[in-house]
Structure formats: C-alpha cells, structure tokens
K.L.:
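The structure under discussion is supplied below as structure tokens; questions concerning it will follow.
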There are 2 protein chains.
Amino acid sequence: MSLEYAILGFLNYLPLSGYDLKKMFDISVQHFWQADQSQIYRTLAQLTEQGLVEKEVIHQEDRPDRKVYSITPSGQEQLQAWLKIMPPPKPDHSAALIQVFFCGQLSNEEILTKFESMAAMMKVVLQRYQQVPTQLEEYKSMVNSQRETFFWLLTLDLGLRSIRANLEWAESIIEMLKNGKVPAK
Amino acid sequence: MSLEYAILGFLNYLPLSGYDLKKMFDISVQHFWQADQSQIYRTLAQLTEQGLVEKEVIHQEDRPDRKVYSITPSGQEQLQAWLKIMPPPKPDHSAALIQVFFCGQLSNEEILTKFESMAAMMKVVLQRYQQVPTQLEEYKSMVNSQRETFFWLLTLDLGLRSIRANLEWAESIIEMLKNGKVPAK
DNA sequence: TCCTTATATAAGATAAGTCATATATAATAT
DNA sequence: ATATTATATATGACTTATCTTATATAAGGA
C-alpha cells in the first residue's frame, strides 16, 4: 500500500491530524491521488501500531479532540528506503480501453460519438490541470521549499503530457472514422 | 466492475469456458488488463446469477468437466448499453508519482539513479509493446474480423503513445538533473 | 430561520481483486 | 527418472479501497 507512504511523506514535513492530511492531499496531490477520508484514519491507526508514527491527543472544548500524528525515526527510515526502490508496477484495469477493444460491435456513428465525447472530456481535464498551479501558493505556505515545489510541478508535468498523448490518440481515431479508414467487417 | 463487461465482450464472439477466457485475456488484452484466474471464475458465477450468461456443463472422462458459458440476449443488451456510456474515470493511485512528489528528500544522485532506472524500465515496456503485434495472428484466428483487429491495434497504439510520453518526461528530468536545474533547497 | 460549510473522528458494510492452495490427469521436455 | 506444462475448476484468507452513516458544535450566508 502506498497511501501509507504518502502519509509518511507529509508527516515528514510537519505533524498533522487526519483532518489536516485530507486537506493536504486535496491541495497537493489531488490530481493523481484522491484520498479517502476514512482510509486516511484507518491507515493512521495502522501506522501507529507499526510504530512509524506517534499520536498526540490535543484536547478541545467544543469539538472532537484533535489527534496530531508525527513521524518517528523508524518511520523516517522506512520512508527513505521506500523512496529509493522501484514500486512494483501495478497493472491498471482500464475500463475505457476495454470499451475501445470491443467497440467494433457498435456502429461507426456511435463510435464517433464516443471518441468525440472522450476528446471533449480530455480537454476539460487538460484545462483543470492547467489551473492546478493556482493551488501552488497554498502548498508553498505549507512546505516552504523550492525543491519540494519543483517535484510537485514534475508530477503535474507528467499529467499534462499523458493527457495530451491521450487527446492526440482520440483525435487520430476521429480522423480515421471521418476518412473511412475503419474496416466495416 | 468492468471485468464483467470484458468477459461479456469475449463471450459475444463465441462461447468459452473460464479456462478459455483466461487464455483470451492473455493473448489479447494482457497489455492493459491482467485477468486473475480466480476472479474470472467468480465473475462468471455472478454473471450466471444475473442471467447475463448461461452455463453448459460438458462432461470429460479424464479431466474436470468443462463449463462453457454463452452470452444471453439480456447479456448482449447490457454489453451494448455499456459500450455506449462513458465509464466513470476511476482515479488511479500512482505509487510512482507519490515517490516523485516526495523525492526531494533524497539526494540528487539518488534521484538521478531513480529516474534512470525508470527510463530503463520504460524502454523495456516499450519493446514489449512493440512485440505485441506478434500475438495478432493468434487473436485473428479467434475472432476473424478486420474490424475487431483494428480496434485491438488502437489499444496498442494508446499504450505506445503513453509509454513514449512517460519516457520523454523521465528523460527531461534526467536532463534537468544533469544540468543543475533542480533547486537545492 | 434554515441551510451549508468547517471542524474532527470513526466504524460497519460492501466491492474488487490478489495470493495461495487444493484436486486430478496426461503429455512433453530434460 | 524427474520436472514441468497443459488441461480445468474452485475456495479460503486477505488487502485495499469506497460508500454510507454516525456523532457534535460553531460560524456564516441566504
């Protein structure tokens, strides 16, 4: 599980509660990692058991107590070690590609509609990506390091390149459909 | 779940057993869908319950009985309907990107090593992809349709484009590391 | 006044998939 | 002679993640 390491990564900057962590995910890696709130809490519990993080309960009068987690030396070791290894590439089961694979069973018009809405969606995602750097300021105030922001921008860059590759692919298929290059049988 | 529809897609060509299906996955969509044997059997059971496929037991003397599944009219309807909709884009949790995001905590030499082995791995994947069309013959003999093979090649094309985009990204980072473009702090 | 958002954590149910293992036989390769 | 591969299905245990719901309070907007 790498949510585990993502959490350790953030806690290595500063101590945070489960609630804070959720916000951190949302302002920084939301473009490639949507963290589930309940999963964060469960993973935090698990990391505590393993001695990789430590919990400090901060009492609050009017709201539930804050439980602030800090990384332990053992947690830092684990994180460093993990950052150096290559994570086993997990095969992604792409529903979209399964649809492409079997879409010969649809009519050409239906397929054209499909790829056109795919292309349209990708353009939306592309725009969303191009607007992500707006959140940079929020993130900067949390980590305050040009080096960290640099790597953040790299993850954005890959996202952009991937979406562009996808869009070009979809557009090349639209071209083929319009020019009658798709075999009828 | 889209394994469900992937199975319906194959059964729409011809009736197959769980064992046959596993082989079908391996010779055709293995590059974007590694199907788990036990998951295929479980999904087949579930599809039978839902009335989307039908089971015929074929007795064999020396080996376990073959259970051959065929798609029902209801299954065909479901498949057709699904092929037309856009599957909700499932957010992929990329361990590799989490590593990039936090790798500012490593030294520049360690990071260089990391991206170099990443690039090397992508080159291997690229070669593997370029060799996939070899399996085309096997697949052709199963479906015998130029239209179907065309869409198969499209899924390969996307794979190639994506890997190339990834590789270019990794190489651009290697360049930056070598030219001292990575902030020290 | 009422609704939403923010603050904060947690647990039950369910889904989807992976891993390991079990059963049984025949053919092929080393 | 021995080991592996092919044929064929199935289940138990486990992991990871998602969805839903619960609890509690305060501030701010319509």
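The figures that follow rest on heavy atoms only: side chains count, while hydrogens, waters and symmetry mates do not.
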K.L.:
What is the separation between atom NZ on A/Lys22 and atom P on C/dT7, rounded to the nearest whole Å?
P.N.:
13 Å
K.L.:
Nearest to the B/Tyr41 side chain among C/dC19, D/dT18, D/dA10, which nucleotide is it?
P.N.:
D/dA10
K.L.:
Between A/Asp92 and B/Lys90, does at least one N-O distance fall below 4.0 Å, as a salt bridge requires?
P.N.:
no
K.L.:
Would you kindly compare B/Tyr69 and A/Gln34 by the position of their nearest DNA chain D nucleotide and give the one closer to the 5′ end?
P.N.:
B/Tyr69
K.L.:
Could you check how far CG of A/Asp36 sits from P of C/dA11, rounded to whole Å?
P.N.:
15 Å
K.L.:
Of the options D/dT7, D/dC19, C/dC19, whose atoms approach the side-chain atoms of B/Lys23 most closely?
P.N.:
D/dT7
K.L.:
Using whole Å, what does the distance between atom P of nucleotide C/dA6 and atom CD of A/Gln37 come to?
P.N.:
14 Å
K.L.:
Side chain of A/Arg66, heavy atoms from C-beta onward: which of C/dT18, C/dG12, C/dA8 has the nearest atom to it?
P.N.:
C/dA8
K.L.:
Starting the side chain at C-beta, find the nucleotide from D/dA13, D/dA10, D/dA8 nearest to B/Tyr19.
P.N.:
D/dA8
K.L.:
With a 4.0 Å cutoff (strictly under), does any side-chain N or O of B/His93 reach OP1 or OP2 of D/dT16?
P.N.:
no
K.L.:
Please state how far atom CZ in B/Phe25 lies from atom P in C/dG17, giving the value in whole angstrom units.
P.N.:
10 Å
K.L.:
Which heavy atom of A/Ala95 sits nearest a heavy atom of B/Trp33, and at what distance?
P.N.:
N-CZ3, 4.3 Å
K.L.:
With nearest nucleotides of DNA chain C determined for B/Ser38 and B/Gln46 from heavy-atom distances, which residue corresponds to the more 5′ nucleotide?
P.N.:
B/Gln46
K.L.:
Between D/dA24 atom C1' and A/His59 atom NE2, what is the distance in whole Å?
P.N.:
13 Å
K.L.:
Would you kindly say whether A/His31 and A/Thr155 are connected by a side-chain donor-acceptor distance under 3.5 Å?
P.N.:
yes
K.L.:
I need the minimum non-hydrogen distance between B/Leu52 and B/Ser74, along with the two atoms involved.
P.N.:
CD2-OG, 3.2 Å
K.L.:
To the nearest Å, how far apart are A/Asp26 CG and C/dT7 C1'?
P.N.:
15 Å
K.L.:
Hey, does the side chain of B/Gln39 come within less than 4.0 Å of C/dA16's phosphate (OP1/OP2), counting only N and O?
P.N.:
no
K.L.:
Return the value, rounded to whole Å, for the distance between atom CG of B/Asp20 and atom C1' of D/dA8.
P.N.:
10 Å
K.L.:
Whole Å only: how far is the CZ atom of A/Arg42 from the P atom of D/dA17?
P.N.:
12 Å
K.L.:
Nearest to the B/Met1 side chain among D/dT9, C/dG17, D/dT18, which nucleotide is it?
P.N.:
C/dG17
K.L.:
If the cut-off is 4.0 Å, is B/Thr43 near the phosphate of C/dA16, judged by side-chain N/O to OP1 or OP2?
P.N.:
no
K.L.:
More than 12 non-hydrogen atoms from neighbouring residues, nucleotides or ligands closer than 6.0 Å to CG on A/Asn144, yes or no?
P.N.:
no
